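Scroll down for the structure; my scribbles are underneath it.
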Amino acid sequence: MKSFDINRFGRTLRWVLAVNYRTLMMWFAGTFTAVLMGEMLLNMINRPFEPYIMINHFSSAGSFLFIVATLILIGSVVASINEKRKRTRFLMLPSTNVEKYLALIIYTAVVSVVGVFLAMVLGDSVRMLYYWVKEACGFIPEYYVRSQEFDNHEFYWYSSAVPQVLKNVSFYHEQFMKPTMYWIMENTLTYTFVVWLFSLYTLGGTLLRKYSFVITCLVLLLCVIVFANLQDYYEWTFLEHRWIENANKKGMHCVYTEIGTVPYVLSILFPLLTVFNYWASYRIFKGFQVINHKWINL
């Protein structure tokens, strides 16, 4: 079997989902509990903040949790078949290596991440219901601010933090008084970096059998430190901007921006590294054996 068949791929994906159903439910339950209890504890620790401030705290913590959970899941791309019995059954499935590899990628990077997000929505919804009942029954203390208007939106204690979480994890930069080219480069660099980051954790999860998330984080930290030192030593210009006062119109401000050479280089380098990481990950996966090294899948 050398050609890709969508029906075979579907059966392989269903097998992966069936084998890892309990693990997926544990992630769902754990995320739901973490979000619900985390929001309750944040409110207890920081009260009596105003509704918008509290919702902002919820969304910041939720965004961090979602990003970390996503990286852990992407880095566990082959964790579900690390056991000898599961790996044997998986390698014997009547499907191609491409179909098997894509099934694992879809399960960890799509199905599991969506499951975690739905668990976060459910946890936040239960918190919203709790505060709505308290408000309706008059159990909100008198010194609490019932509602708060911010940016043309009304925020209550039972408002959802999910929209702000989605905004945070989208990594989108708004074009507010920025030159078009600066805005394009800012978003291009951000999204190419995120895709490269996902590919790096996929490669780490495919290569390493133990502590893949921790080791990949250390590699990423090393890359950041090396780049920061090179930028400081050679004084590279990155994406720079600052607000300056407009003397012609009092109270108005304009933004000064400058795009260095490095962002253009990185916007090309990140996609190339992404392709290499996924290619290397697939090559490692093709070499899987029933019994591999204790630490690496080679």
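Quick caveat, the model's predicted, so the values are computed rather than measured.
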### Query
Going through the distances and angles, do Leu197 and Leu71 end up as a side-chain contact (heavy atoms from CB on, under 4.5 Å)?
CA-CA 9 Å; Leu197 189 65; Leu71 294 178; 4.1 Å; yes
### Task
Check step by step if side-chain hydrogen bond (donor to acceptor under 3.5 Å, both in side chains) holds for Arg283 and Asn97.
CA-CA 10 Å; Arg283 296 291 297 180; Asn97 287 327; over 6 Å; no
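Here the CG atom belonging to Asp124 is positioned 9.5 Å from the OG atom belonging to Ser59, to the nearest 0.5 angstrom. To the nearest 0.5 Å, the span separating NZ on Lys210 from CD1 on Ile296 amounts to 13.0 Å. The distance from the CD1 atom of Ile74 to the OG atom of Ser199 is 9.5 Å, given to the nearest 0.5 Å.
Side-chain polar atoms of Glu39 and Asn43 form no donor-acceptor pair below 3.5 angstrom.
Cluster annotation: Val126 and Tyr130 are assigned to the same hydrophobic cluster (Ile/Leu/Val/Met/Phe/Trp/Tyr, side-chain heavy-atom contacts under 4.5 Å, transitive). By the rule that hydrophobic residues join a cluster once side-chain heavy atoms approach within less than 4.5 Å of another member, Leu122 and Met37 end up as members of separate clusters. Both Phe90 and Phe4 sit in one connected hydrophobic cluster of ILVMFWY residues. Membership requires side-chain heavy atoms under 4.5 Å apart, directly or through other members.
Residue Arg87 comes nearest to Arg209 through the heavy atom pair NH2-NE, 4.0 Å, listed as atom of the first residue, atom of the second, then distance. For the pair Ser267 and Thr188, the tightest heavy-atom approach, listed with the atom from each and the gap, is CB-CG2, 4.1 Å. Leu239 and Met185 make their closest contact through CD2-CG, 4.0 Å (heavy atoms, listed as atom of the first residue, atom of the second, distance).
A distance below 6.0 Å separates the ring centres of Tyr52 and Phe155.
Taking 4.5 Å as the limit, every side-chain heavy atom of Thr70 sits out of range of all side-chain heavy atoms of Val116.
Salt bridge Glu174/Lys167: present, at least one basic N to carboxylate O contact under 4.0 Å.
Between Trp236 and Phe227, the ring-plane angle classifies as tilted under the 30° and 60° cut-offs. Relative ring orientation between Phe270 and Phe193 is described as perpendicular, the plane-to-plane angle rising above 60° on a 0-90° scale split at 30° and 60°.
Within 6.0 Å of the OH atom in Tyr264, the count of heavy atoms belonging to other residues, nucleotides or ligands exceeds 12. More than 12 heavy atoms of other shown residues, nucleotides or ligands fall within 6.0 angstrom of atom OH in Tyr191. Atom NZ of Lys84 has 12 or fewer heavy atoms from other residues, nucleotides or ligands within 6.0 Å.
The side-chain contact (heavy atoms from CB on, under 4.5 Å) test applied to Leu221 returns Ile225, not counting sequence neighbours. Here Phe288 pairs with Phe285 under the ring pair (Phe, Tyr, Trp, His ring centres under 6.0 Å) rule; sequence neighbours left out. Residues forming a ring pair (Phe, Tyr, Trp, His ring centres under 6.0 Å) with Tyr107 (at least two apart in sequence, or on another chain): none.
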